[in-house]
Amino acid sequence: MFGFTYGDGVTLVHFQAQSPRLYTAGDSLNCQYIRAYFKQRGGNAAQYIEAHLATLQDCAEEIESFGSAVVAVQVEAETYSLCRSLSRTLKQLDSELRIVWFGEWVGKLHGSDPQEVDADAFILAEPEATIWMLSESDKECWENSGCLQLAGSIREEAVRISGIDKDAVESDTLTLDLLASPDERKGAAVEFKVRWADRQGETVRNGGIRRHSMQRFAEEAAKAAKTAAGTTLSIEGFEYANAPEELARGFEIIAAHAPTVKLEVGLRIDQLHAMAPGQLEAAGISALKLTICSPDSLKDAAIKGLLTQWRAGTAGARIRLWLDGEMAGQGMETARHLKSWLSAGLIQPGDVRIRVNGLQQLNLESELADLLASAGSGSDPALLNGYLAYKTGQYPPQALGSGVKHIGLSDRHIPDLAELEPNQLMGINSAFILSQNSVSSSEKEDKYLDAEGVVKRDRTGYNRLAKELESKHQYVPHIQAESLTADTQTRHLEMSAYDFGPPIEMELMNYREAAGREIEDQSGVPGLEILEVGDADNLQAFLEDVQAFEQVGKFRHGYQVRGYVTDSCRWSAAGQCPIKQLPRLSIEEEGKIAGCGGCAAIGRVGDSYDSLQREASAASTREQLLRGCDTCEIRDTCSKCTFLPEYMTRSQYCEIRKRHAMLHRYMQVAQVFKGLRQYTVLFRDTDIREVGVSLRTCTHLLPAAYQAEGQSWVPDHLFVLFVGGQPLLYQAASGKLLKLSPLMALVLEAGIKGLSEVSLKRAIAEVFKTDETQAETAAEQVSRKLDEMGIISAARRAS
Amino acid sequence: MSTVQKAVYPLIHPLKNVQLGESFTSMSNGSGIYVQDVNGKPYIDGISGLWNVSLGYGHPGIRQAIVDQLDRIPFVNLVDQTNPTTVKFAEELLSLTPERLSRVIYTCTGSESAELAIKLMRKYQSLRGLEEKQNIVALSISYHGTYYGAMSASGIDQEISQGYGPKVPGFLFHNTPLSALGRGSEEEELQAIEELFNREGDRIAGMIVEPIIGSGGTIPLPDAFLRKIRELCDRHGALLAFDEVATGMGRTGRMFGFEHSGAVPDILGLSKGINSGYLPLGAVLFSENIYREFAAAHLHIEHLSTQNGNPIACAAGLATIEALKEPGMMEHITDMGELLRGLLNEALADCPAFKETRGKGLMTGVALRSDLTGEDCMEAERLSALVGRLKQRGLIVYPFYTPGVTTGFHLYPPFIINAQEVAKIVGIIKKTLGGR
């Protein structure tokens, strides 16, 4: 077959939850089987792949552009809410589009009508053959069957009948259709999986279990192991093996790959009964996902003994438990047994998940809820990073340009949101930041499990916002809430309805206040320190710190590194003002919308993303023209903040930025130090006030008498640091931290100041007490060394 | 030991930042006016590959011609041998052009065709004993390619090609006539070029122009201007070369762009659509006068690339000509182009960023202005974002960004496009440009 026919076939959609409600659109084994099935028949099955999801509207428009008459969405518990919103948006775009849901979890939607989620049908079984059949026939010909539940019908129980040729699904000649797309490789962590069996068959006799031949399983395992070398290979479907000898044959096949991959295997806990001691070890299994349907199986001493022995003999062994939703009803007992597993070291906090059957909401005993919550970390790192980006205005470049990421509002503005359309405005992985002027009461809130299968809290504080949006069929991403603590001195930050453990404590204080408190130990206050520069006095306090840094090349206070300065994008380097991409919005009084909190409005609630972005871009362009940014001497280092707060005029802003030529460097160094403190022992154990930074205005080895001469030839991503007298070089581009010799450090400091060769030689001779010839040789050697190490090319230096 | 590691993604893409690596969409299939990426997402190829796949993907006639020639012989050394297909294609090309053009040299690319045109113009004058006539007139925003001669002749790339010097010397850049954009009058343009020839004519070997400025922003040169330069070249003993790499082979609704003005060149540079872009091929057609100078001196023409005139590529070219000569094809190209521009003008009339459409046949430029400042040119980052969104919605276009002159995007779809597909393109552009 040559080419393809536009509009034929199916478009497959599969959202992956990388962490709670942070999604990518990627591939899956189910999709690979479907694509392979289509390919074998000369059909076209396209896969929607997107690592950086934009707004729901954009996402739907792109899927529509594929042109397929049928869009098949693989739905799982974690993606139900998103898939429901996507289906609705797709139908609004094109009511003729046929949307079907598939996946094992869809089979659990007992009593649901596909129409309720704007789908035309649920695929109950044999997704490959059924979707093929649907793509080849007119919608008018679709009929309810054991494999298909059409919109307008409700299924009381799973009724399966035979009738569809399933040979091709199990054929040994059918090869999985693996994507070779760079987009797929760029997506979030790629999971390598092989399937031994699934439960998507159409026959009642064996519970819908479909099993590939051993030959095909062996071939797919070998291929996947080769690709996954050095990482984890998950084997799905062993839990459907009823006979021990079947399992033994499967283990035999995967054992061959244990030397090259970390094998993760899913089993039912009762299958362990029939296992011989040492069988797991012999198969080379290093991680287990155990499905548990009853609390009784958790107390079985023989099983615990077998697992203890396996753990002892297997490096890095890990067990994760998947509890059946029914076990929530026996919460106390289940929690008691799980604790014994925890205390025996068989599992770790966060290794227990629960599988919710269908759409019901399960109330949880608090003990079980705590065990199920994700290890009490207080937040998801991605959500916390997003929140900090919102507060500082400093977004990573890859996060920009696909819808608004954060919308900040106060709880009194919720009634103003009637016209807001997050589906068109906000990225799928975005968040509302709700500022509450009430005391947090999260301790008293009930915990439950909903269809997404994660523990949530019934937080009345922002349920109002969620309900307001859901009532208008808008997808609700995360809602993060800042609320007052009981003493009203600090704030709590709750990252969403998800139970991440206790909320994050947060000090939201004026910059001057932080400077006055003089908490100088490394740890500072507990939680986050958010430093606000909201008026001229606080700005002055901030600039005093900057000035001291410029003069001595050191931070004076711990909070300068620990703290997060609100809207610090204003003081950052060129290109750091994100306003043209509009990653954050703030809802102000009377439904006005601002691009930066407390600044001039760029529109009103109800305005589209395009119109807000156009207004923000126009304002940015106007400002830069008025200020003459194009010809300004600091144009290469200034972020050119568009929206200034009321306490600062544009001429004051320009004057500050020119007066503090190292301001952008100050922000960069503070950011670098945050990272170094987090990831290196050296910096964690060092008083940050003792760390020197080489600047154009302050050097630590090069005598101060040597004034800057020309342009720096040391690129901005290199930082020369001094810890306890030891010079270090931090390369931000690669994240490498290198020790430097004093001579190299001096040459780099000379480079930062743009010294001429003559001045450099003189400085080396002066600092190291050498003659000029030795100094010249030393300078040449350092130059060569920097070139060889790939730090600074000789050519760049020469230029 | 070297610390350099082999790159994970080895390919460097042309005219793109070398660091972009694997950020490019990987295309795996093509059919008609559509291409499909490796994930199965289809796109309307609104620029026919890179303006070359003029008859669309999977054209049965071209495919069969390639297969048949492949089975016969895949390569012939034209230095010492010849081949029926290669000769036949040269004959067919000449049959499409006026009598003035009588000989053919094959090349592999458009850049190479421009390169050869430059060489012919200079050597021709040299053979006539006019060693001082070495300069070549080119236009200030012209684009002729990236080989040294072609790059040196490309006015639009003078800045971007800095650092690659020394470039080939001897080019006189004349301000591009922009009366089509409402800047200046045709009279002034004619006067300006005449002044240049009057001033420099003794040193001018020839002039190379695109009848419709392509990369610079799809700007048709006035017919009167093209006729004027024909007249000036004749008057001053200079040669006129038309770079019809983009405009040739039916793109403008006539077989060649020069047919609209009636000004026939001495040298005609072709490539891109010459065989619908299925295989690398270009050609330079030139006049008997030039041939005679070489013949009189018993000289060869110093130009060779091994694959020039490859018989498989020529077989694809023969099939392409056959398709182009089908009754009604040129009318269809003209009609679809007019429909496209008409629908766009109508659909985008209220869009603040829309300036105008330009072009001939299925060579259309959509000019955009700044919707932020109202100035004539759209900001580069907004244009780039817009092109990205069009692609996300399934339409591939190619941006043009000539600061101070014009910005927008090209739409050069395959000739096989139908009215329904034209409407679909317009719908995507309207939805994207109109905003929400």
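Quick note on labels: first sequence line is chain A, next is B, and so on, each numbered from 1.
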Undergrad: Report the distance from atom OG1 of Thr373(B) to atom CG of Leu625(A), rounding to the nearest 0.5 Å.
TA: 8.0 Å
Undergrad: Is there a side-chain contact between Asp37(B) and Gln47(A), using heavy atoms and a 4.5 Å cut-off?
TA: no
Undergrad: Heavy-atom distances under 4.5 Å only: say whether Thr621(A) touches chain B with side chain, backbone, both or neither.
TA: side chain
Undergrad: Are Glu381(B) and Lys580(A) close enough that some pair of their side-chain heavy atoms sits under 4.5 Å apart?
TA: yes
Undergrad: With heavy-atom distances below 4.5 Å as the criterion, would you say the side chains of Lys41(B) and Thr11(A) are in contact?
TA: no
Undergrad: Please report, to 0.1 Å, the donor-acceptor pairs under 3.5 Å made by any side chain of residues 413-426 of chain B, with sequence neighbours excluded.
TA:
from: Asn418(B); atom 1: OD1; to: Gln420(B); atom 2: N; distance (Å): 3.1
from: Asn418(B); atom 1: OD1; to: Glu421(B); atom 2: N; distance (Å): 2.8
from: Glu421(B); atom 1: OE1; to: Asn418(B); atom 2: N; distance (Å): 3.0
from: Lys424(B); atom 1: NZ; to: Tyr6(A); atom 2: OH; distance (Å): 2.5

Undergrad: Step through the shown structure and confirm whether more than 12 heavy atoms of other residues, nucleotides or ligands are within 6.0 Å of NZ on Lys167(B).
TA: yes
Undergrad: Would the number of heavy atoms belonging to other residues, nucleotides or ligands and lying under 6.0 Å from NZ of Lys16(B) be above 12?
TA: no
Undergrad: Would you call Lys431(B) and Glu64(A) a salt bridge, taking side-chain N to carboxylate O under 4.0 Å as the test?
TA: yes
Undergrad: So, do Ser65(A) and Gln392(B) sit near enough that their side-chain heavy atoms are less than 4.5 Å apart?
TA: no
Undergrad: Please tabulate, for the side chains in residues 395-404 of chain A, all donor-acceptor contacts under 3.5 angstrom to protein atoms that are two or more places apart in sequence or on a different chain.
TA:
from: Tyr395(A); atom 1: OH; to: His406(A); atom 2: ND1; distance (Å): 2.8
from: Ser402(A); atom 1: OG; to: Lys405(A); atom 2: NZ; distance (Å): 3.1

Undergrad: With rounding to the nearest 0.5 angstrom, report the CG to CZ distance, Asn39(B) to Arg35(A).
TA: 7.5 Å
Undergrad: Under 4.5 Å, counting heavy-atom pairs only, tell me which of Ala54(A), Gly67(A), Ser617(A), Ala619(A) racks up the most with chain B.
TA: Ser617(A)
Undergrad: Report the option among Gly394(B), Pro42(B), Gly32(B) that has the most heavy-atom pairs separated by less than 4.5 Å from atoms of chain A.
TA: Pro42(B)
Undergrad: Working to the nearest 0.5 angstrom, can you tell me the gap between Glu61(A) CD and Ile428(B) CD1?
TA: 10.5 Å
Undergrad: Measuring heavy-atom distances to chain A, does Tyr57(B) have an atom under 4.5 Å in its side chain, in its backbone, in both, or in neither?
TA: neither
Undergrad: Would you find more than 12 non-hydrogen atoms of other residues, nucleotides or ligands less than 6.0 Å from Asp350(B) atom CG?
TA: no
Undergrad: Who among Leu395(B), Leu372(B), Asp371(B), Val35(B) has the most heavy-atom pairs with chain A under 4.5 Å?
TA: Leu372(B)
